[in-house]
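All remarks here apply to the structure that follows.
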Amino acid sequence: MSYASLDAYSRKLRVAHEAARTGATAPDGTPRRLISASWRRSLAAGIDPDGTAAPLVYDVSHLDEVRESHPLQPLLPMLAGTLTTMADASANIAIITDRDGNILWRDGNRAVMRRADLVGLADGHTWAETSVGTNGIGTALADRKPVHVYSEEHLLKVLHVWSCSAAPIVDPDTDEVLGCIDISGTAPSLHPATVALVSATAKLAESQLALRMHEGDERLRRRFDGLRDHDSMLITATGRVIAGDPAGLLGRRVPIAGDRILLPGGRAVLAEPFHDGYLVRVSTDRIPPTLQLTFLGEGQPTARLSGREIPLSLRHAEILALLALHPRGLTAEQLCFYLYGDAGNPVTIRAEIHRLRAQLGETVGAKPYRLTSPVEADFIELRSLLGTGDPAAVARAYPGPLLPRSESPELRRARDELEVQVRANLLRNGSPEDLWIYAQTASGRDDLQILERLSTTLPATDPRAITARIRLRTP
């Protein structure tokens, strides 16, 4: 894009900025779709376009300890060398962050770094979208793909003299984002093609991680070879099946909970610690298809069977939830009572079960009514997580109440119980990040205790603290 074209685009962006703040109509195609979506996320998170700098989250004196414990630490010398060469050649600065957008390392042109200090583009500061709005680092992490953010595409006005190209680094072992690499500079000095360079560097890091992963897998397999039998399966610490295949799972990932492995068939089998992984012995008997239920939150309840999505009415979702909560089964009279209280009619239940079995076949058994397939349900998993002492996992697993439209007395009791346990767990053990996730749910949005905790534990200038204070003042 020529400088004349950039000037015209900048003028349109300035109009679009004002439109985004006031709710007016922006010029067609401005900003581009990726940036427009990021602006919406940022404004919804309470970001003030007149903000002045990224907040500090790590004291510099503690940063060495943070770097040492980070999964990218072994790659820092390689990444730093590659990025510094790129930055020096173009009078820019190079940055490496963790998965939350917190800057772990920075180097490059000294004059540009002095300017970067003024906006918190420096070690220990956070550049997540929820902290500073649209920017290369935060938007690349939010979208899990390389991005170039030009000048006025930043939501914060103070960043309009900057442009940045960033790419996330994804762990090939866990498929989780580990961090982000970024080249930043003043707008005229940073060419949009820089995004291709940072993307290639991120792929280089991922290839190094994949090599280390495969080397570890091979060491584990060699130890397994002497124990191999037709019923055994070798699983890495992250749940990848890398040897043995009695259940047809080679190359797939299975969830690990304590000393148990949950097979896709729904059976929990004992996982024996084996060097850096687990050894599992399973039967090769036919495993029935797993019924997957997603019933938490405001969305439409869904069920999947053998990978096929099953459309559900609310009543059928209620029946499946009750059968999942009572794995030994329920009679028609019990189901009727749990659904309707004393006013129900078992004949109605039998008719509903008949229609449900037309959709799910033998997955719904009779005498008593029960689920004959293994079940993976988000609300069952949440109950398990509540006992693990991991509030971050609880916060991520709770998008909202169990079947919120249901009036079933039994499900209302289960829904309220889950809500109370999640809230108590997060208030007792959760970090501000965990509480913020909960504050986005229907129940947490107006929870005074949650909002007060956020407003007092987060820095006063943190957008999340500002949003919490606004909600507290709103009647």
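Any value given below was found using the heavy atoms of this structure, including those in side chains, with hydrogens, waters and symmetry copies removed.
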message: Donor-acceptor pair, distance only, cut-off 3.5 Å: does the side chain of Ser199 make one with the backbone of Val195?
response: no

- line: Heavy-atom closest pair (Pro463 atom, Gly46 atom, distance to 0.1 Å) is CB-O, 4.1 Å

task: Mind listing the closest non-hydrogen atom pair of Leu141 and Pro168 along with its distance?
output: CD2-CB, 4.5 Å

message: I'd like to know if the side chain of Arg413 and the backbone of Leu411 have a donor-acceptor N/O pair within less than 3.5 Å.
response: no

field: Nearest-0.5 Å distance that lies between atom OG1 in Thr467 and atom CG in Asp462
entry: 8.5 Å

field: With Ile137, the side chain to side chain contact (heavy atoms under 4.5 Å, CB included) member among Thr126, Val147, Asp182
entry: Asp182

field: Exercise: identify the closest heavy-atom pair between Arg41 and Ala142
entry: NH2-CB, 3.7 Å

query: Do you see a donor-acceptor pair shorter than 3.5 Å between the side chains of Glu318 and Ser406?
result: yes

task: Kindly indicate, with the supporting measurements, whether the criterion salt bridge (charged side-chain N to carboxylate O under 4.0 Å, His left out) is fulfilled by Arg471 and Asp447.
output: CA-CA 9 Å; Arg471 291 183 188 175; Asp447 190 306; over 6 Å; no

task: List the steps and the verdict of ring pair (Phe, Tyr, Trp, His ring centres under 6.0 Å) for His275 and Phe224.
output: CA-CA 10 Å; His275 297 279; Phe224 174 70; over 10 Å; no

message: Please tell me whether Ser431 and Glu433 have a donor and an acceptor in their side chains that are separated by less than 3.5 angstrom.
response: yes

- prompt: Nearest heavy-atom pair of Ser232 and Leu279: which atoms, and what distance?
  reply: CB-CD1, 4.3 Å

query: If we ignore angles and hydrogens, is there a donor and acceptor under 3.5 Å between the side chains of Gln421 and Arg383?
result: no

message: Tell me every residue that passes ring pair (Phe, Tyr, Trp, His ring centres under 6.0 Å) with Tyr438, counting only those two or more places apart in sequence or in another chain.
response: none

field: Tyr58-His125 aromatic ring centre distance below 6.0 Å
entry: no

message: Counting only heavy atoms from other residues, nucleotides and ligands, does the tally under 6.0 Å from CG of Asp416 exceed 12?
response: yes

- prompt: How about Arg99: does its CZ atom have over 12 heavy atoms from other parts shown lying under 6.0 Å from it?
  reply: no

From CD (Glu65) to CD (Glu68), nearest 0.5 Å: 9.5 Å

Flag if over 12 foreign heavy atoms under 6.0 Å of NE2, His354: no

- prompt: Ignoring hydrogens and geometry, is there a side-chain-to-backbone donor-acceptor pair from Asp171 to Leu178 under 3.5 Å?
  reply: no

- prompt: Do side-chain atoms of Trp127 reach the backbone of Gly120 as a donor and acceptor pair under 3.5 angstrom?
  reply: yes

task: State whether Arg67 and Asp123 are salt-bridged, where the test is any N-O pair (Lys NZ or Arg NE/NH1/NH2 against Asp/Glu carboxylate O) under 4.0 Å.
output: yes

message: One thing to verify: whether Glu206 and Lys203 come together as a salt bridge, which I'm taking to mean a side-chain N less than 4.0 angstrom from a carboxylate O.
response: yes

message: Nearest 0.5 Å, please: how far is CD1 in Ile319 from CG in Leu360?
response: 10.5 Å

- request: Report the C-alpha distance between Glu376 and Arg304 in whole Å, list the side-chain angles of each, state the deciding distance to 0.1 Å, and finish with yes or no for salt bridge (charged side-chain N to carboxylate O under 4.0 Å, His left out).
  value: CA-CA 10 Å; Glu376 294 177 4; Arg304 298 185 71 87; over 6 Å; no

query: So Asp175 and Arg240, salt bridge (charged side-chain N to carboxylate O under 4.0 Å, His left out) or not? Walk me through it.
result: CA-CA 11 Å; Asp175 196 39; Arg240 287 182 299 106; over 6 Å; no

task: Would you give the length of the straight line joining atom CD1 of Ile242 to atom NE2 of His214, rounded to the nearest 0.5 angstrom?
output: 11.0 Å

field: Whether Gln359 side chain and Pro311 backbone form a donor-acceptor pair below 3.5 Å
entry: yes

message: Students often mix this up, so state it plainly: with edges at 30° and 60°, are the rings of Phe295 and Phe379 parallel, tilted or perpendicular?
response: parallel

- prompt: Is Trp39 reaching over with its side chain to a backbone N or O of Gly133, donor-acceptor style, under 3.5 angstrom?
  reply: no

- request: Tell me, with the steps shown, if Ser408 and Arg412 meet side-chain hydrogen bond (donor to acceptor under 3.5 Å, both in side chains).
  value: CA-CA 6 Å; Ser408 156; Arg412 287 169 60 184; over 6 Å; no

statement: Nearest heavy-atom approach of Leu104 to Leu63 is O-CD2, 3.8 Å

- prompt: Under a 4.5 Å cut-off applied to non-hydrogen side-chain atoms, are Met213 and Asp173 in contact?
  reply: yes

message: Tell me whether Arg445 at atom CZ has more than 12 heavy atoms from other residues, nucleotides or ligands lying less than 6.0 Å away.
response: no

Donor-acceptor pair between Thr139 and Glu129 side chains, under 3.5 angstrom: yes

task: Verify salt bridge (charged side-chain N to carboxylate O under 4.0 Å, His left out) between Arg222 and Asp217, making sure each step is shown before the conclusion.
output: CA-CA 9 Å; Arg222 285 198 295 267; Asp217 290 352; over 6 Å; no

query: Passes side-chain contact (heavy atoms from CB on, under 4.5 Å), Thr97 versus Asn102? Steps please.
result: CA-CA 5 Å; Thr97 79; Asn102 306 319; 5.7 Å; no

task: For side-chain contact (heavy atoms from CB on, under 4.5 Å), just list the numbers for Leu293 and Val375, CA-CA rounded to whole Å, side-chain angles, deciding distance to a tenth of an Å, and then say yes or no.
output: CA-CA 7 Å; Leu293 305 177; Val375 178; 4.1 Å; yes

- prompt: Do side-chain atoms of His70 reach the backbone of Leu72 as a donor and acceptor pair under 3.5 angstrom?
  reply: yes

field: Check: Thr134/His154 side-chain N/O donor and acceptor closer than 3.5 Å
entry: no

- prompt: Can any side-chain N or O of Glu298 pair as donor or acceptor with the backbone N or O of Pro399 at less than 3.5 Å?
  reply: no

message: Taking Val364's backbone N and O only, do any of them form a donor-acceptor pair with Arg357's side chain (distance below 3.5 Å, no angle check)?
response: yes

- prompt: Within the side chain of Ser455, is there an N or O that forms a donor-acceptor pair under 3.5 Å with the backbone of Ala468?
  reply: no

- line: Shortest non-hydrogen pair, Ala439 vs Ile450, comes out as CB-CG2, 4.2 Å

task: Return yes when atom CD of Glu218 has more than 12 non-hydrogen atoms of other residues, nucleotides or ligands closer than 6.0 Å, and no otherwise.
output: yes

